[in-house]
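Below is one structure, written out as structure tokens, with a few remarks after it.
Numbers here simply count residues along the sequence, with the first being 1. Quick note: numbers below take in every heavy atom, side chains included, and nothing from hydrogens, waters or symmetry partners.
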Amino acid sequence: MKNKRIFLAILSALLIVALTGCSGSGEFGSFTASTLDGGSFSGKDMGKNDLTVMNFWGTFCSPCIAEMPDLAAFEKALPDNVQLITVCVDAEGNEETAKEILNYAGYEGITLVDGDDGFKEMLKVAQAIPITIFIGPDGEQIGEGILGMQQDLEGAYLSAINSALKELGKAEISLEK
């Protein structure tokens, strides 16, 4: 009975994510957020790139932490027209832990930690983590999100990025080695 309830809870969470978080119809351009390094970032900042890859994670999430070194390496290899940023869903009050995780992983990019009502609305995509979404310069989600830790993060992300860029009428990318 207990296993059945756990299974139904997990299934329900996945259905919610599938129906809301990964629908491809999200609006992510109207927010202002604080960054882990004390700066700020807004939806307008996403308009400077052809594509923004946004990874939602938490300091309590083992799969999130486990994939962070791969995410850090991937972020460093991206060309200038594609940016990867992370959103730490529980950073408020856990800033030092988040910094330690990111430093250990070698992640040097932008991490969003708190923000206005638009930011809080955006967090609703993170019904389950890790989840990564792809956002065009107009703030619209493109394609399906990637839910869960990926065994081949580089391959999965590169494929999703190139699919999104193609949808935007932009050239595909390859990673710098």
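Residues D117 and F31 form no side-chain contact, since every pair of their non-hydrogen atoms from C-beta on lies 4.5 Å or further apart. Here the side chains of D114 and E92 are in contact, with some heavy-atom distance below 4.5 Å. Counting heavy atoms from C-beta on, the side chains of I161 and I173 come closer than 4.5 Å. At a threshold of 4.5 Å between non-hydrogen side-chain atoms, the residues T86 and L71 count as touching.
Contacts of E108 classified as salt bridge (Lys or Arg N to Asp or Glu O under 4.0 Å), with partners at least two apart in sequence or in another chain: K76. Residues satisfying the salt bridge (Lys or Arg N to Asp or Glu O under 4.0 Å) test with D50, not counting sequence neighbours, are K170. F60 meets the side chain to side chain contact (heavy atoms under 4.5 Å, CB included) test with V89, D90, I129; sequence neighbours excluded. Considering only residues two or more places apart in sequence or on other chains, E95 meets the side chain to side chain contact (heavy atoms under 4.5 Å, CB included) condition with L36. Judged as a salt bridge (Lys or Arg N to Asp or Glu O under 4.0 Å), and not counting sequence neighbours, the contacts of K48 are D45. Residues satisfying the salt bridge (Lys or Arg N to Asp or Glu O under 4.0 Å) criterion with E121, sequence neighbours excluded, are K124. Annotation: side chain to side chain contact (heavy atoms under 4.5 Å, CB included) contacts of S163 (sequence neighbours excluded): none. Contacts of D37 classified as side chain to side chain contact (heavy atoms under 4.5 Å, CB included), with partners at least two apart in sequence or in another chain: T35. Residues passing the ring pair (Phe, Tyr, Trp, His ring centres under 6.0 Å) test with F134, sequence neighbours excluded: none.
Side-chain N or O atoms of Q150 include one that pairs as donor or acceptor with a backbone N or O of G148 at under 3.5 Å. Of the possible polar contacts, none joining the N49 side chain to the L51 backbone as a donor-acceptor pair under 3.5 Å is found.
Every pair passing disulfide (SG to SG under 2.5 Å) that includes a residue from residues 64-143 is listed here, sequence neighbours excluded: C61-C64. Listed by first and then second residue, the ring pair (Phe, Tyr, Trp, His ring centres under 6.0 Å) pairs that reach into residues 108-131 come to none, sequence neighbours excluded. Under the ring pair (Phe, Tyr, Trp, His ring centres under 6.0 Å) criterion, no residue pair touches residues 87-114, with sequence neighbours excluded.
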